[in-house]
Amino acid sequence: MAGAISSTSKYAEITSEIPELRSDNFKIWKERVLLHLACTDMDYAIRKDEPAAITDTSTAAEIALREKWEQSNRLCIMFIMSRIPMGMRGSVEPPEKVKDFIKVMDEQFDTSDKSLFINLIQEFSSTKLTGVKGVREHISKMRDITAHLKKLDVIIPDTFLVHYILHNLPPQLWAFQNFLQHT
């Protein structure tokens, strides 16, 4: 009985650590969903190729293997769908096989990552401080953009960010820029 309580609490702990899927967190979401499926031993259909269809000549072992794969496939798809918010489910139609489902999601979110990346880079390069007021907000905005880019595995070093912000200061703050560069 103690083993059942322990495994149930581990299951609940892993499930609670799966974030709600959003357009900007697919990688971590997928990693945690796959971890959960592995820890609960439901990932057989992800790890193994689909066995041959059952025929009149199939052995008991082949039938059992096919049934194990089908159950794993069905449970994986059901679990993955349960971890996708209702508002996003219409855009994700699950294929019959979990491997195909994961591939479709990878492709969909890879495209989403690319467009997010392009938008963030454009925002980063076009954001300018136009007045003396709002320097703190401008710096915060630039740091937020770099944090979002970091989630997409695009690292902008802090030293580059500082120099980029200083280089793009308006003329009213050039004296401040020169002071900082010489200290």
Do [X] and [Y] share a hydrophobic cluster (ILVMFWY, side-chain heavy atoms under 4.5 Å, transitive)?
X: Val162; Y: Ile139; value: yes
X: Ile46; Y: Tyr44; value: no
X: Met88; Y: Ile77; value: yes
X: Ile165; Y: Val154; value: yes
X: Ile84; Y: Val98; value: yes

Check whether any side-chain N or O of Ser72 sits under 3.5 Å from a backbone N or O of Lys68 as a donor-acceptor pair, and report yes or no.
->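 No, because the side chain of Ser72 does not come within donor-acceptor range (under 3.5 Å) of the backbone of Lys68.
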Test item: Arg32 side-chain N/O and Glu17 main-chain N/O as donor-acceptor pair under 3.5 Å |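 Pair found, side chain donor or acceptor close to backbone of Glu17.
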Show the numbers, then the answer: is there a side chain to side chain contact (heavy atoms under 4.5 Å, CB included) between Lys30 and Asp106?
-> CA-CA 9 Å; Lys30 178 184 171 187; Asp106 281 338; 3.0 Å; yes
Which is it for Asn73 and Lys97 under the side chain to side chain contact (heavy atoms under 4.5 Å, CB included) test, yes or no, and what are the steps along the way?
-> CA-CA 6 Å; Asn73 185 63; Lys97 298 176 187 165; 4.2 Å; yes
Charged N-O contact under 4.0 Å between Arg66 and Glu70 =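 Yes.
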Can a salt bridge be assigned to the pair Lys99 and Glu50 using a cut-off of 4.0 Å between side-chain N and carboxylate O?
->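 Looking at Lys99 and Glu50, the cut-off is not met.
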Run the side chain to side chain contact (heavy atoms under 4.5 Å, CB included) check on Tyr164 and Phe124 step by step: do they pass?
-> CA-CA 10 Å; Tyr164 185 82; Phe124 181 86; 3.8 Å; yes
First locate atom [atom1] of [X], then atom [atom2] of [Y], and finally report the distance between them rounded to the nearest 0.5 Å.
X: Asp43; Y: Leu34; atom1: CG; atom2: CG; result: 8.0 Å
X: Asp144; Y: Leu149; atom1: CG; atom2: CG; result: 11.0 Å
X: Glu123; Y: Met142; atom1: CD; atom2: CE; result: 8.5 Å

When you look at CZ of Arg47, are more than 12 heavy atoms from neighbouring residues, nucleotides or ligands closer to it than 6.0 Å?
->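 More than 12 within 6.0 Å, yes.
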Would you call Leu21 and Arg83 a side-chain contact if the rule is heavy atoms closer than 4.5 Å?
->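 The answer is no; the side chains never approach within 4.5 Å.
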Are Met105 and Ile80 close enough, and set up right, to give a side chain to side chain contact (heavy atoms under 4.5 Å, CB included), and what steps lead you there?
-> CA-CA 11 Å; Met105 291 192 67; Ile80 291 171; 4.1 Å; yes
